[in-house]
Amino acid sequence: MAGISDLPSVLGPVAKAKFVFLGSSVSSNRLMDQVRSLNLEHVSPGRHLPRSEISRRATTVAADEAHLLARMRRWFFTRKPDAGFVLTDFPATLLQAKVLDEWLEARDEVLTAVVGSIGANPAVIDHYQTLGLLWEPGALAKA
């Protein structure tokens, strides 16, 4: 099998690759180190996207979810068309996964792979497994 340096032959144009990392584990961190070498945009809603002003009002879970989806939507639709990315910490729920699917469909794009690991939401894992996009944590290194 080809190594990580041969990803273009396995996945097509690397600059257009779209990865989603679900959960967190040491193997995902190793995999992230390999993916960083591909110079893809790395996006994590908790770390990389601007938050709105701090509010002293109590918020509901639904309001937090809506706010997160709005921030991610803004990022998704303002990036260059067909630009590759690596998403971590999103989607974390089945609703977020389905919304991401709709956004990808609206731009006629598809995910290259979804890598699941410890701590990932089982419903999200099942969703991407059903779509045939789920890779095991070591799969990219073997690709």
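Note that the coordinates shown come from a computational prediction; the quantities given were computed from them, not determined experimentally.
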- Apply side chain to side chain contact (heavy atoms under 4.5 Å, CB included) to the pair Q96 and F90, showing each step before the final yes or no. CA-CA 7 Å; Q96 292 172 3; F90 185 89; 3.6 Å; yes

- What do the steps show when you test W75 against E41 for side chain to side chain donor-acceptor pair (under 3.5 Å), and what is the final call? CA-CA 11 Å; W75 162 77; E41 180 181 12; 3.0 Å; yes

- Task: Without swapping roles, check the side chain of T88 against the backbone of L22 for a donor-acceptor pair under 3.5 Å.
- Result: no

- Task: Please check if the side chain of E105 supplies one atom and the backbone of D101 the other of a donor-acceptor pair under 3.5 Å.
- Result: no

- Just jot down the salt bridge (charged side-chain N to carboxylate O under 4.0 Å, His left out) partners of R79, sequence neighbours excluded, or say none.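 Here the qualifying residues are E109.
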
- Message: Which residues pass the side chain to side chain contact (heavy atoms under 4.5 Å, CB included) test with A123, not counting sequence neighbours?
- Response: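 Side chain to side chain contact (heavy atoms under 4.5 Å, CB included) list for A123, sorted by chain: L94, N121.
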
- Message: The criterion is side chain to side chain contact (heavy atoms under 4.5 Å, CB included); which residues satisfy it with A97, sequence neighbours excluded?
- Response: P91, V124, H127, Y128

- Which of parallel (below 30°), tilted (30 to 60°) and perpendicular (above 60°) describes F77 and W103?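 Aromatic pair F77/W103 classed perpendicular.
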
Do the side chains of [Y] and [X] get nearer than 4.5 Å, heavy atoms only?
X: F21; Y: L87; result: no
X: V43; Y: D89; result: no
X: K18; Y: V110; result: no
X: V115; Y: V20; result: no

Can you measure from [atom1] ([X]) to [atom2] ([Y]) and round to the nearest 0.5 angstrom?
X: E65; Y: T93; atom1: CD; atom2: OG1; answer: 4.0 Å
X: L100; Y: R73; atom1: CG; atom2: CZ; answer: 12.5 Å
X: L40; Y: T112; atom1: CG; atom2: OG1; answer: 8.5 Å

- Looking only at heavy atoms, what is the nearest atom pair of G116 and L134, with distance? N-CD1, 3.7 Å

- Dump the intermediate steps for side chain to side chain contact (heavy atoms under 4.5 Å, CB included) on L111 and F85, then the final yes or no. CA-CA 10 Å; L111 291 174; F85 57 79; 4.2 Å; yes

- Query: Are R71 and F76 in a cation-pi setup, meaning NZ or CZ lies under 6.0 angstrom from the ring centre and within 45 degrees of the ring axis?
  - Reply: no

- Task: Look at atom CG of D64 and say whether more than 12 heavy atoms of other residues, nucleotides or ligands are closer to it than 6.0 Å.
- Result: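 Yes, because the 6.0 Å sphere around CG of D64 holds more than 12 heavy atoms from other groups.
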
